[in-house]
Amino acid sequence: MLRKGKIPVYPPDVLHGQAGAFLEGPGVRLGLKAVQGLTKRDVERLIEHHTEFTDVKRLLELMEWGSKDQPKLRRLLGAGALDRMYHGDRRRAFEAVERLREETETHLLPDELSALGLKHSAPIEPNWSEEEREALGTWIVHSPLTTVAPLSIETVTIDEVLNGERGFIVVYVDAIRTFKTKKNEEMGVVMVDDGVSQDEVVIFPRVFAQFSRSLYVGNVLLLEVHPNERDGRRQLVVERVRPLHGQALFVRLRLESFADLEELLRTAPGDVPVICRFSDSKEVKQLASNVCGQPDRSLVARIAAAVRRYGCRVETGRHEIARREN
């Protein structure tokens, strides 16, 4: 309802110390109980000590959280609840959390690692859109829909199409269900989110076959849709699909591991272009569209594991996933 009313919504804040949502300026700030994974006791202690928090180390001390409670700290980070503690810089908050985690795991400080000749590698910044949704169940600051480049066509909301005629909507794919028709053709029903509301769209076999590589959870799409009434309920029917993620998967590897890479990409077909740079020949090659992949963590991790034994690198967008070449 707040999104539909265009009322600003702010993330929870450990320095505010309130359990429920409350008015702040022109908008509403979520309370600490909105952070998933926290117990009632956790929320009570966060409220009790909120004026004493100066950094994440002090927060852990006052909360009496140990290593098993690290996931709770990560949820606070993903929810944006640590942002104000680090002057609104989530990257700084992330680095502080990672330093604390490394110290807990290794019991060595960065300067002690250097003294022992051990290299301290910079942590890979996470996908904040995924972290935020996992922590809050929705997006407050880092919606993937806000990163879409300006479009040359006018877009509308799901509700506007349902109450009108055909139009273009920009959506995030939440879930997909596929079915077989009586003619044994595959079609799908996709749950999408346009940043204002969620609803299902129906994709009939012809369109599903044409755009199936773009239909996976986490993708951001421009859909041309029209309303249709069935069993007394209006639904959206998809006519065309265009991906808007603007990403590419960059893989640096040796020629000998290229066949393994192609095989892995076929296990998770998608619409993200894959660009290879061969370290032995210095050749750069973009793979054919029939071996495009998905930018999900599991696929990237599997590719990284496959090529890491050759000392190679995998990147998606600007985020480095595996180690650099030696």
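The shown structure was predicted, so the numbers you read here are calculated from the model rather than taken from an experiment.
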Hey, is the main chain of [Y] close enough, under 3.5 Å, to the side chain of [X] for a donor-acceptor pair?
X: Q286; Y: P273; answer: no
X: R29; Y: A21; answer: no
X: D13; Y: L15; answer: yes

Where do Y86 and V56 land on the side-chain contact (heavy atoms from CB on, under 4.5 Å) test, with the steps shown first?
-> CA-CA 10 Å; Y86 290 88; V56 290; 3.6 Å; yes

Calculate, to the nearest 0.5 Å, the distance between atoms [atom1] and [atom2] belonging to [X] and [Y] respectively.
X: D69; Y: L73; atom1: CG; atom2: CG; result: 9.5 Å
X: L100; Y: D55; atom1: CG; atom2: CG; result: 8.5 Å
X: E239; Y: E224; atom1: CD; atom2: CD; result: 4.5 Å
X: E131; Y: W139; atom1: CD; atom2: CH2; result: 14.5 Å
X: W65; Y: L59; atom1: CH2; atom2: CG; result: 6.0 Å
X: Y10; Y: R84; atom1: OH; atom2: CZ; result: 13.0 Å

Could you check if a side-chain atom of [X] sits within less than 4.5 angstrom of a side-chain atom of [Y], using non-hydrogen atoms only?
X: K72; Y: M63; answer: no
X: L222; Y: V148; answer: no
X: F204; Y: E185; answer: no
X: E134; Y: Q36; answer: no
X: V202; Y: N228; answer: no
X: R133; Y: D193; answer: yes
X: L76; Y: L38; answer: yes
X: H50; Y: H16; answer: no

Could you list who else is in I158's hydrophobic cluster, with ILVMFWY side chains joined at under 4.5 Å, directly or through other members?
-> V156, V161, L162, I169, V171, V173, I176, V190, V192, V201, I203, V207, F208, F211, L215, L221, L223, V225, L236, V238, V241

Got a sec, which hydrophobics cluster with V217, joining ILVMFWY side chains under 4.5 Å apart, including via others?
-> none

Nearest atoms (heavy-atom pairs only) where [X] meets [Y]:
X: T181; Y: P205; value: CG2-CG, 3.7 Å
X: A135; Y: A79; value: CB-N, 3.6 Å
X: N219; Y: P243; value: ND2-CB, 4.4 Å
X: V284; Y: R277; value: CG2-CG, 3.9 Å
X: S197; Y: D159; value: OG-OD1, 3.7 Å
X: L261; Y: C276; value: CD2-SG, 3.5 Å

Pairs touching residues 142-158 that satisfy side-chain hydrogen bond (donor to acceptor under 3.5 Å, both in side chains), sequence neighbours left out | T157-E160

Sequence neighbours excluded, every pair satisfying side-chain hydrogen bond (donor to acceptor under 3.5 Å, both in side chains) that has a member inside residues 202-214 | S214-D271

Between [X] and [Y] (salt bridge meaning N to carboxylate O under 4.0 Å), is one present in this structure?
X: E61; Y: K57; value: no
X: E44; Y: K33; value: no
X: R92; Y: E95; value: no

Applying side-chain contact (heavy atoms from CB on, under 4.5 Å), run through W128 and L77 and close with a yes or a no.
-> CA-CA 10 Å; W128 291 121; L77 173 68; 3.9 Å; yes

Please test R230 against V237 for side-chain contact (heavy atoms from CB on, under 4.5 Å), starting from the C-alpha separation and ending with a verdict.
-> CA-CA 11 Å; R230 182 173 182 178; V237 177; over 6 Å; no

E165 atom CD: more than 12 heavy-atom contacts under 6.0 Å | no

What do you reckon, is NZ of K180 surrounded by more than 12 foreign heavy atoms closer than 6.0 Å?
-> yes

Check step by step if salt bridge (Lys or Arg N to Asp or Glu O under 4.0 Å) holds for R90 and E132.
-> CA-CA 11 Å; R90 196 169 297 187; E132 195 166 88; 3.1 Å; yes

Carefully, step by step, assess R74 and R101 under the rule side-chain contact (heavy atoms from CB on, under 4.5 Å).
-> CA-CA 10 Å; R74 186 65 180 235; R101 181 186 61 78; 5.9 Å; no

Verify the cluster assignment for [X] and [Y]: are they in a single hydrophobic cluster under the rule of side-chain heavy atoms below 4.5 Å apart?
X: F22; Y: V28; answer: no
X: L62; Y: I47; answer: yes
X: L255; Y: L264; answer: yes

Step-by-step salt bridge (Lys or Arg N to Asp or Glu O under 4.0 Å) determination, R75 to D42 | CA-CA 12 Å; R75 287 291 176 88; D42 291 330; over 6 Å; no

Derivation of the salt bridge (Lys or Arg N to Asp or Glu O under 4.0 Å) call for D199 and R234 | CA-CA 11 Å; D199 211 326; R234 285 174 75 80; over 6 Å; no

Who are the salt bridge (Lys or Arg N to Asp or Glu O under 4.0 Å) partners of E64, not counting sequence neighbours?
-> R45

Summary of ring pair (Phe, Tyr, Trp, His ring centres under 6.0 Å) pairs that have at least one residue in residues 254-286, sequence neighbours excluded | F258-F278

